[in-house]
There are 2 protein chains.
Amino acid sequence: MNIGQASAASGVSAKMLRYYESIGLLPKAARTEAGYRVYSAKDVNTLRFIRRARDLGLSIERIKLLVGLWKDRERSSADVKRVAQEHVTELDARILELTAMRDTLQELADACHGDHRPECPILRDLEGGAQAAASRADLPNHVGTPMRGAAEQQRRAGA
Amino acid sequence: MNIGQASAASGVSAKMLRYYESIGLLPKAARTEAGYRVYSAKDVNTLRFIRRARDLGLSIERIKLLVGLWKDRERSSADVKRVAQEHVTELDARILELTAMRDTLQELADACHGDHRPECPILRDLEGGAQAAASRADLPNHVGTPMRGAAEQQRRAGA
DNA sequence: GTAGGGTTTCCCATTATGGGAAGGTCAAGG
DNA sequence: CCTTGACCTTCCCATAATGGGAAACCCTAC
(Lines give C-alpha, C1' and ligand atoms only; values in the text may rest on other atoms or scores of the structure.)
Protein backbone atom coordinates (compact mmCIF):
# COMPACT_ATOMS: atom_id res chain seq x y z
CA MET A 1 0.00 0.00 0.00
CA ASN A 2 1.21 3.45 -0.96
CA ILE A 3 0.79 6.47 1.23
CA GLY A 4 -2.12 7.64 -0.90
CA GLN A 5 -3.96 4.38 -0.51
CA ALA A 6 -3.30 4.25 3.21
CA SER A 7 -4.56 7.81 3.42
CA ALA A 8 -7.76 7.00 1.55
CA ALA A 9 -8.31 3.86 3.61
CA SER A 10 -7.78 5.60 6.94
CA GLY A 11 -9.09 9.10 6.41
CA VAL A 12 -5.77 10.59 7.45
CA SER A 13 -4.16 12.85 4.87
CA ALA A 14 -0.82 11.85 3.38
CA LYS A 15 0.60 15.05 4.77
CA MET A 16 -0.40 14.01 8.27
CA LEU A 17 0.90 10.50 7.76
CA ARG A 18 4.36 11.91 7.15
CA TYR A 19 3.96 14.33 10.01
CA TYR A 20 2.88 11.67 12.48
CA GLU A 21 5.85 9.62 11.47
CA SER A 22 8.18 12.59 11.89
CA ILE A 23 7.03 13.27 15.45
CA GLY A 24 7.15 9.64 16.46
CA LEU A 25 3.43 8.96 16.73
CA LEU A 26 3.91 6.36 14.01
CA PRO A 27 6.96 4.13 13.60
CA LYS A 28 9.04 4.81 10.52
CA ALA A 29 7.27 3.23 7.59
CA ALA A 30 9.02 0.62 5.47
CA ARG A 31 10.18 1.83 2.09
CA THR A 32 10.34 0.45 -1.42
CA GLU A 33 13.67 0.58 -3.20
CA ALA A 34 12.57 3.83 -4.74
CA GLY A 35 11.92 5.32 -1.32
CA TYR A 36 8.13 5.11 -1.35
CA ARG A 37 6.54 4.48 2.02
CA VAL A 38 4.75 1.15 2.33
CA TYR A 39 1.81 0.48 4.63
CA SER A 40 0.10 -2.71 5.75
CA ALA A 41 -3.51 -3.34 6.71
CA LYS A 42 -2.36 -3.30 10.31
CA ASP A 43 -0.89 0.15 9.83
CA VAL A 44 -4.22 1.29 8.46
CA ASN A 45 -5.88 0.02 11.62
CA THR A 46 -3.60 2.16 13.70
CA LEU A 47 -4.30 5.12 11.47
CA ARG A 48 -8.01 4.69 11.86
CA PHE A 49 -7.53 4.53 15.61
CA ILE A 50 -5.64 7.79 15.50
CA ARG A 51 -8.19 9.36 13.22
CA ARG A 52 -11.03 8.53 15.59
CA ALA A 53 -9.09 9.75 18.58
CA ARG A 54 -8.49 13.05 16.78
CA ASP A 55 -12.19 13.22 16.03
CA LEU A 56 -12.79 13.11 19.76
CA GLY A 57 -10.49 16.09 20.12
CA LEU A 58 -7.63 14.28 21.83
CA SER A 59 -4.23 15.87 21.48
CA ILE A 60 -1.44 14.07 19.70
CA GLU A 61 0.33 13.64 23.02
CA ARG A 62 -2.64 11.85 24.56
CA ILE A 63 -3.10 9.78 21.44
CA LYS A 64 0.49 8.67 21.76
CA LEU A 65 -0.35 7.41 25.23
CA LEU A 66 -3.51 5.68 24.06
CA VAL A 67 -1.83 3.98 21.13
CA GLY A 68 0.81 2.74 23.53
CA LEU A 69 -1.84 1.34 25.86
CA TRP A 70 -3.78 -0.07 22.95
CA LYS A 71 -0.83 -2.12 21.79
CA ASP A 72 -0.02 -3.20 25.32
CA ARG A 73 -1.78 -6.44 26.21
CA GLU A 74 -0.80 -5.90 29.84
CA ARG A 75 -2.41 -2.49 30.17
CA SER A 76 -4.96 -1.77 32.84
CA SER A 77 -8.24 -0.22 31.78
CA ALA A 78 -7.74 2.25 34.61
CA ASP A 79 -4.85 3.83 32.71
CA VAL A 80 -6.96 4.23 29.61
CA LYS A 81 -9.87 5.61 31.57
CA ARG A 82 -7.66 8.16 33.27
CA VAL A 83 -6.45 9.56 29.96
CA ALA A 84 -10.01 9.76 28.68
CA GLN A 85 -11.24 11.38 31.85
CA GLU A 86 -8.51 14.00 31.73
CA HIS A 87 -9.63 14.95 28.28
CA VAL A 88 -13.26 15.13 29.36
CA THR A 89 -12.23 17.48 32.14
CA GLU A 90 -10.46 19.74 29.69
CA LEU A 91 -13.39 19.67 27.30
CA ASP A 92 -15.72 20.62 30.13
CA ALA A 93 -13.54 23.54 31.10
CA ARG A 94 -13.36 24.76 27.53
CA ILE A 95 -17.11 24.37 27.06
CA LEU A 96 -17.75 26.42 30.17
CA GLU A 97 -15.49 29.19 28.94
CA LEU A 98 -17.02 29.29 25.50
CA THR A 99 -20.52 29.18 26.92
CA ALA A 100 -19.80 32.11 29.21
CA MET A 101 -18.48 34.09 26.27
CA ARG A 102 -21.42 33.12 24.15
CA ASP A 103 -23.98 34.09 26.78
CA THR A 104 -22.38 37.45 27.49
CA LEU A 105 -22.13 38.29 23.84
CA GLN A 106 -25.65 37.12 23.10
CA GLU A 107 -27.02 39.29 25.87
CA LEU A 108 -25.21 42.28 24.49
CA ALA A 109 -26.37 41.54 20.99
CA ASP A 110 -29.94 41.11 22.19
CA ALA A 111 -29.76 44.52 23.82
CA CYS A 112 -28.51 46.10 20.59
CA HIS A 113 -31.14 47.60 18.36
CA GLY A 114 -29.30 46.63 15.24
CA ASP A 115 -30.60 49.49 13.17
CA HIS A 116 -29.08 52.47 11.40
CA ARG A 117 -28.40 54.38 14.62
CA PRO A 118 -24.91 54.34 16.11
CA GLU A 119 -25.96 53.71 19.72
CA CYS A 120 -24.82 50.21 20.66
CA PRO A 121 -24.63 48.38 24.00
CA ILE A 122 -22.01 46.02 22.63
CA LEU A 123 -19.52 48.79 22.04
CA ARG A 124 -20.50 50.48 25.29
CA ASP A 125 -19.72 47.31 27.16
CA LEU A 126 -16.37 46.73 25.51
CA GLU A 127 -15.53 50.36 26.06
CA GLY A 128 -16.32 50.62 29.74
CA GLY A 129 -15.83 47.17 31.17
CA ALA A 130 -16.12 47.85 34.90
CA GLN A 131 -19.08 50.18 34.78
CA ALA A 132 -20.89 48.09 32.23
CA ALA A 133 -20.21 44.98 34.25
CA ALA A 134 -21.90 46.62 37.23
CA SER A 135 -24.90 47.54 35.13
CA ARG A 136 -25.36 43.97 34.02
CA ALA A 137 -24.47 42.38 37.31
CA ASP A 138 -28.05 41.13 37.68
CA LEU A 139 -28.06 39.25 34.39
CA PRO A 140 -27.41 35.53 34.60
CA ASN A 141 -24.59 33.53 33.06
CA HIS A 142 -22.36 36.28 31.91
CA VAL A 143 -18.61 36.66 31.95
CA GLY A 144 -18.09 38.71 35.08
CA THR A 145 -15.22 41.11 35.30
CA PRO A 146 -13.57 39.23 38.17
CA MET A 147 -13.59 36.09 36.03
CA ARG A 148 -11.55 37.69 33.33
CA GLY A 149 -7.90 37.02 33.29
CA ALA A 150 -7.95 33.92 35.42
CA ALA A 151 -9.89 31.52 33.24
CA GLU A 152 -8.80 33.31 30.13
CA GLN A 153 -5.13 33.10 30.86
CA GLN A 154 -5.68 29.43 31.54
CA ARG A 155 -7.27 28.87 28.19
CA ARG A 156 -4.55 30.75 26.38
CA ALA A 157 -1.84 28.91 28.21
CA GLY A 158 -3.47 25.60 27.45
CA ALA A 159 -4.15 26.44 23.82
CA MET B 1 3.35 56.53 29.38
CA ASN B 2 5.83 53.79 28.64
CA ILE B 3 4.86 50.46 27.15
CA GLY B 4 5.13 48.82 30.57
CA GLN B 5 2.76 51.30 32.14
CA ALA B 6 0.30 51.04 29.28
CA SER B 7 0.50 47.30 29.63
CA ALA B 8 -0.19 47.38 33.36
CA ALA B 9 -3.02 49.85 32.89
CA SER B 10 -4.70 47.87 30.14
CA GLY B 11 -3.98 44.27 30.98
CA VAL B 12 -2.39 43.69 27.59
CA SER B 13 1.18 42.44 27.70
CA ALA B 14 3.95 44.60 26.25
CA LYS B 15 4.70 41.80 23.85
CA MET B 16 1.16 41.93 22.53
CA LEU B 17 1.23 45.72 22.34
CA ARG B 18 4.13 45.51 19.92
CA TYR B 19 2.48 42.68 18.07
CA TYR B 20 -0.83 44.49 17.67
CA GLU B 21 1.04 47.46 16.34
CA SER B 22 2.97 45.30 13.89
CA ILE B 23 -0.18 43.77 12.42
CA GLY B 24 -1.99 47.09 12.18
CA LEU B 25 -4.55 46.57 14.92
CA LEU B 26 -3.01 49.58 16.65
CA PRO B 27 -1.60 52.64 14.91
CA LYS B 28 2.14 53.09 15.20
CA ALA B 29 2.84 54.49 18.63
CA ALA B 30 4.66 57.78 19.01
CA ARG B 31 8.26 57.49 20.14
CA THR B 32 10.58 59.36 22.45
CA GLU B 33 13.89 60.51 21.07
CA ALA B 34 15.41 57.33 22.42
CA GLY B 35 12.92 55.23 20.54
CA TYR B 36 10.66 54.30 23.44
CA ARG B 37 6.99 53.93 22.56
CA VAL B 38 4.71 56.50 24.17
CA TYR B 39 1.05 55.90 25.01
CA SER B 40 -1.75 58.23 26.02
CA ALA B 41 -4.75 57.61 28.24
CA LYS B 42 -6.79 57.38 25.07
CA ASP B 43 -4.53 54.63 23.79
CA VAL B 44 -5.08 52.77 27.04
CA ASN B 45 -8.82 53.00 26.46
CA THR B 46 -8.42 51.34 23.10
CA LEU B 47 -6.24 48.68 24.65
CA ARG B 48 -8.84 47.93 27.27
CA PHE B 49 -11.42 47.65 24.54
CA ILE B 50 -9.24 45.16 22.74
CA ARG B 51 -8.55 43.26 25.91
CA ARG B 52 -12.24 42.84 26.66
CA ALA B 53 -12.99 41.82 23.12
CA ARG B 54 -10.29 39.16 23.34
CA ASP B 55 -11.82 38.01 26.62
CA LEU B 56 -15.02 37.37 24.71
CA GLY B 57 -13.04 35.20 22.33
CA LEU B 58 -13.21 37.50 19.32
CA SER B 59 -10.49 37.05 16.74
CA ILE B 60 -8.07 39.84 16.01
CA GLU B 61 -9.67 40.28 12.61
CA ARG B 62 -13.11 40.87 14.12
CA ILE B 63 -11.65 43.14 16.75
CA LYS B 64 -10.14 45.22 13.97
CA LEU B 65 -13.63 45.63 12.56
CA LEU B 66 -15.11 46.49 15.94
CA VAL B 67 -12.43 49.03 16.77
CA GLY B 68 -13.09 50.63 13.40
CA LEU B 69 -16.81 50.81 14.12
CA TRP B 70 -16.16 51.99 17.64
CA LYS B 71 -14.20 54.99 16.41
CA ASP B 72 -16.72 55.72 13.69
CA ARG B 73 -19.40 58.10 14.90
CA GLU B 74 -21.41 57.32 11.77
CA ARG B 75 -21.56 53.59 12.34
CA SER B 76 -24.84 51.77 12.44
CA SER B 77 -25.46 49.49 15.41
CA ALA B 78 -26.56 46.88 12.88
CA ASP B 79 -22.97 46.54 11.70
CA VAL B 80 -21.74 46.01 15.22
CA LYS B 81 -24.49 43.55 15.99
CA ARG B 82 -23.72 41.54 12.88
CA VAL B 83 -20.10 41.10 13.88
CA ALA B 84 -21.14 40.03 17.37
CA GLN B 85 -23.77 37.67 16.05
CA GLU B 86 -21.30 36.02 13.71
CA HIS B 87 -19.05 35.31 16.61
CA VAL B 88 -21.93 33.91 18.67
CA THR B 89 -22.73 31.59 15.78
CA GLU B 90 -19.16 30.34 15.69
CA LEU B 91 -19.09 29.89 19.43
CA ASP B 92 -22.30 27.90 19.27
CA ALA B 93 -20.89 25.65 16.58
CA ARG B 94 -17.72 25.06 18.56
CA ILE B 95 -19.66 24.39 21.74
CA LEU B 96 -21.78 21.82 19.95
CA GLU B 97 -18.70 20.05 18.64
CA LEU B 98 -16.96 19.99 21.97
CA THR B 99 -20.11 18.86 23.73
CA ALA B 100 -20.56 16.00 21.30
CA MET B 101 -16.96 14.93 21.88
CA ARG B 102 -17.36 15.26 25.59
CA ASP B 103 -20.56 13.21 25.71
CA THR B 104 -19.17 10.43 23.56
CA LEU B 105 -16.01 10.21 25.58
CA GLN B 106 -17.84 10.36 28.87
CA GLU B 107 -20.11 7.52 27.82
CA LEU B 108 -17.12 5.43 26.88
CA ALA B 109 -15.36 6.27 30.11
CA ASP B 110 -18.46 5.43 32.09
CA ALA B 111 -18.58 2.05 30.40
CA CYS B 112 -14.95 1.38 31.29
CA HIS B 113 -14.33 -0.54 34.48
CA GLY B 114 -11.18 1.37 35.21
CA ASP B 115 -9.54 -1.44 37.07
CA HIS B 116 -6.44 -3.56 36.60
CA ARG B 117 -7.93 -5.58 33.77
CA PRO B 118 -7.04 -4.71 30.17
CA GLU B 119 -10.57 -4.93 28.76
CA CYS B 120 -11.64 -1.41 27.84
CA PRO B 121 -14.60 -0.09 25.82
CA ILE B 122 -12.74 3.13 25.08
CA LEU B 123 -10.04 1.34 23.15
CA ARG B 124 -12.58 -0.98 21.58
CA ASP B 125 -14.47 1.99 20.26
CA LEU B 126 -11.43 3.77 18.87
CA GLU B 127 -10.31 0.53 17.33
CA GLY B 128 -13.49 -0.42 15.55
CA GLY B 129 -15.27 2.82 14.80
CA ALA B 130 -18.07 1.67 12.52
CA GLN B 131 -19.10 -1.39 14.47
CA ALA B 132 -18.85 0.39 17.77
CA ALA B 133 -20.85 3.30 16.40
CA ALA B 134 -23.63 0.88 15.49
CA SER B 135 -23.57 -0.64 18.94
CA ARG B 136 -24.05 2.72 20.57
CA ALA B 137 -26.45 4.12 18.00
CA ASP B 138 -29.20 4.22 20.60
CA LEU B 139 -27.28 6.37 23.05
CA PRO B 140 -28.09 10.06 22.99
CA ASN B 141 -25.77 12.98 22.22
CA HIS B 142 -22.83 11.15 20.86
CA VAL B 143 -20.53 11.86 17.95
CA GLY B 144 -22.06 9.76 15.23
CA THR B 145 -19.86 8.31 12.56
CA PRO B 146 -21.64 10.21 9.78
CA MET B 147 -20.89 13.44 11.64
CA ARG B 148 -17.21 12.86 11.53
CA GLY B 149 -15.26 14.55 8.84
CA ALA B 150 -17.78 17.20 8.00
CA ALA B 151 -17.98 19.15 11.23
CA GLU B 152 -14.49 18.16 12.17
CA GLN B 153 -12.90 19.34 8.99
CA GLN B 154 -14.79 22.57 9.44
CA ARG B 155 -13.40 23.09 12.88
CA ARG B 156 -9.90 22.36 11.79
CA ALA B 157 -10.17 24.61 8.78
CA GLY B 158 -11.56 27.40 10.90
CA ALA B 159 -9.03 26.92 13.67
C1' DG C 1 9.57 6.87 -24.74
C1' DT C 2 6.58 10.01 -23.11
C1' DA C 3 2.63 11.82 -20.50
C1' DG C 4 0.22 12.01 -16.38
C1' DG C 5 -0.22 11.02 -11.80
C1' DG C 6 1.81 9.55 -7.41
C1' DT C 7 5.80 10.35 -4.17
C1' DT C 8 9.72 12.48 -1.83
C1' DT C 9 11.68 16.30 0.80
C1' DC C 10 11.79 21.04 2.10
C1' DC C 11 10.04 25.47 3.07
C1' DC C 12 6.23 28.52 4.26
C1' DA C 13 1.80 29.97 6.44
C1' DT C 14 -1.68 29.77 9.80
C1' DT C 15 -3.26 32.08 15.38
C1' DA C 16 -2.05 34.51 19.29
C1' DT C 17 1.06 34.20 22.59
C1' DG C 18 5.35 33.70 25.36
C1' DG C 19 10.58 33.15 25.97
C1' DG C 20 14.95 34.84 25.50
C1' DA C 21 19.23 37.19 23.72
C1' DA C 22 21.91 41.28 22.63
C1' DG C 23 22.15 45.86 23.14
C1' DG C 24 20.51 50.79 24.22
C1' DT C 25 18.31 54.00 28.00
C1' DC C 26 17.06 56.02 32.14
C1' DA C 27 16.95 57.20 37.02
C1' DA C 28 18.72 56.74 41.52
C1' DG C 29 22.55 56.34 44.59
C1' DG C 30 27.25 56.41 45.47
C1' DC D 1 30.77 61.20 37.12
C1' DC D 2 29.88 56.39 37.03
C1' DT D 3 27.59 52.24 38.24
C1' DT D 4 23.64 49.39 38.87
C1' DG D 5 19.25 47.69 38.07
C1' DA D 6 15.12 48.12 35.80
C1' DC D 7 13.29 49.20 31.65
C1' DC D 8 13.10 49.45 26.57
C1' DT D 9 14.34 48.04 21.64
C1' DT D 10 14.54 44.53 17.79
C1' DC D 11 15.06 39.89 16.22
C1' DC D 12 14.62 34.98 16.35
C1' DC D 13 12.41 30.83 18.11
C1' DA D 14 8.60 27.88 19.80
C1' DT D 15 3.94 26.42 20.36
C1' DA D 16 -0.34 22.60 17.81
C1' DA D 17 -1.91 20.56 13.90
C1' DT D 18 -2.70 21.25 9.42
C1' DG D 19 -2.53 22.71 4.51
C1' DG D 20 -0.11 24.68 0.25
C1' DG D 21 3.25 24.49 -3.02
C1' DA D 22 7.82 23.71 -5.50
C1' DA D 23 11.43 20.84 -7.43
C1' DA D 24 12.74 16.49 -8.32
C1' DC D 25 11.97 11.70 -8.80
C1' DC D 26 9.23 7.31 -9.83
C1' DC D 27 5.89 4.27 -12.10
C1' DT D 28 2.53 2.69 -15.33
C1' DA D 29 -0.07 2.71 -19.41
C1' DC D 30 -0.13 3.78 -24.11
Side-chain angles (χ1 to χ4, degrees), chain A residues 1-26 28-39 47 50-65 87 90-91 94 97 101 149 151-159, chain B residues 1-26 28-39 47 50-64 87 90 94 97 101 149 151-159:
Chain A
M1 247 181 177
N2 274 344
I3 197 171
Q5 302 170 307
S7 168
S10 66
V12 178
S13 75
K15 219 74 194 245
M16 283 303 102
L17 275 179
R18 301 195 190 96
Y19 174 66
Y20 291 160
E21 182 180 324
S22 82
I23 62 171
L25 173 56
L26 297 175
K28 299 198 175 162
R31 303 283 187 127
T32 66
E33 288 173 25
Y36 281 26
R37 286 177 182 79
V38 180
Y39 298 90
L47 287 173
I50 292 171
R51 172 76 208 289
R52 295 197 191 96
R54 286 293 301 138
D55 285 348
L56 288 178
L58 286 141
S59 70
I60 301 283
E61 270 316 305
R62 283 218 172 97
I63 295 176
K64 263 189 203 172
L65 291 176
H87 187 52
E90 288 181 13
L91 286 173
R94 191 87 180 100
E97 282 177 2
M101 292 177 188
E152 259 315 286
Q153 296 311 329
Q154 265 314 100
R155 176 181 74 80
R156 286 173 191 166
Chain B
M1 248 182 174
N2 275 344
I3 198 172
Q5 302 170 305
S7 167
S10 65
V12 178
S13 75
K15 222 64 196 251
M16 282 305 101
L17 276 179
R18 301 194 190 97
Y19 174 66
Y20 290 161
E21 182 179 325
S22 82
I23 62 172
L25 173 56
L26 297 174
K28 299 199 174 163
R31 303 284 187 127
T32 66
E33 287 174 27
Y36 282 26
R37 285 176 182 79
V38 179
Y39 297 90
L47 287 172
I50 292 171
R51 172 76 207 289
R52 295 196 192 98
R54 286 293 302 138
D55 285 348
L56 288 178
L58 287 140
S59 71
I60 300 284
E61 269 316 304
R62 283 217 174 99
I63 295 176
K64 262 188 202 173
H87 186 51
E90 287 182 12
R94 190 86 180 101
E97 282 177 1
M101 293 177 187
E152 261 312 288
Q153 296 310 330
Q154 264 313 100
R155 176 180 75 78
R156 286 174 192 165

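Every chain is numbered from 1, with letters handed out A, B, ... down the list of sequences. Given the structure is predicted, the values throughout are model-derived calculations rather than measurements. The analysis underlying the following values was restricted to heavy atoms, covering all of them including side chains, and did not include hydrogens, waters or symmetry mates.
If you take CD1 of A/I23 and C1' of D/dA17, they are 9 Å apart, rounded to a whole angstrom. Atom CD1 in B/I3 sits roughly 13 Å away from atom P in C/dG18 (whole-Å rounding). One atom, CG of B/L17, and another, P of D/dT10, lie 12 Å apart when rounded to the nearest Å. Rounding to whole angstrom units, OH of residue A/Y20 and P of D/dT18 are separated by 4 Å. When the P atom of C/dC26 is taken as reference, atom CZ of B/R31 falls 13 Å away, rounded to whole Å. Here C/dT7 presents its C1' atom at 12 Å from CD of A/Q5, a figure rounded to the nearest Å. Rounded to an integer number of Å, the gap from B/E21 CD to D/dC8 P is 14 Å. Between B/R18 atom CZ and D/dC11 atom P there is a gap of 12 Å when expressed in whole angstrom units.
Within the structure, the side chain to side chain donor-acceptor pair (under 3.5 Å) test picks out no pair touching residues 1-15 of chain B (sequence neighbours left out).
Considering CD of A/E97 and CG of B/D55, their distance stands at 10.5 Å, rounded to 0.5 Å. Note that the CE atom of B/M1 and the CZ atom of B/R37 stand 15.5 Å from one another [nearest 0.5 Å].
Nearest nucleotide to the side chain of A/R37, out of C/dT8, D/dT18, C/dT17: C/dT8. Across C/dA16, C/dT8, D/dA17, the shortest atom-to-atom separation from the side chain of B/S59 is found for C/dA16. Between C/dT17, C/dG18, D/dA17, one nucleotide has an atom nearer to the side chain of A/R54 than all others, and that is D/dA17.
A/R94 is not listed as a side-chain neighbour of B/R94, based on a closest heavy-atom distance of 4.5 Å or more. In this structure the side chain of B/R54 reaches within 4.5 angstrom of the side chain of B/I60, judged on heavy atoms.
For B/Y19, no side-chain nitrogen or oxygen approaches OP1 or OP2 of C/dT15 to under 4.0 Å. Phosphate contact (OP1/OP2 of D/dA16, side-chain N/O of A/R62, threshold under 4.0 Å): absent.
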(request) Could you walk me through whether A/K64 and A/E61 pass salt bridge (charged side-chain N to carboxylate O under 4.0 Å, His left out), step by step? (result) CA-CA 5 Å; A/K64 263 189 203 172; A/E61 270 316 305; 3.5 Å; yes
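Looking only at distances, no side-chain donor or acceptor of B/H87 sits under 3.5 Å from a matching main-chain atom of B/R62.
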Polar atom pairs between nucleotides 22-30 of chain D and protein, under 3.5 Å, N or O only, would you list them?
unit_1	atom_1	unit_2	atom_2	d
D/dC26	O2	A/Y36	OH	3.4

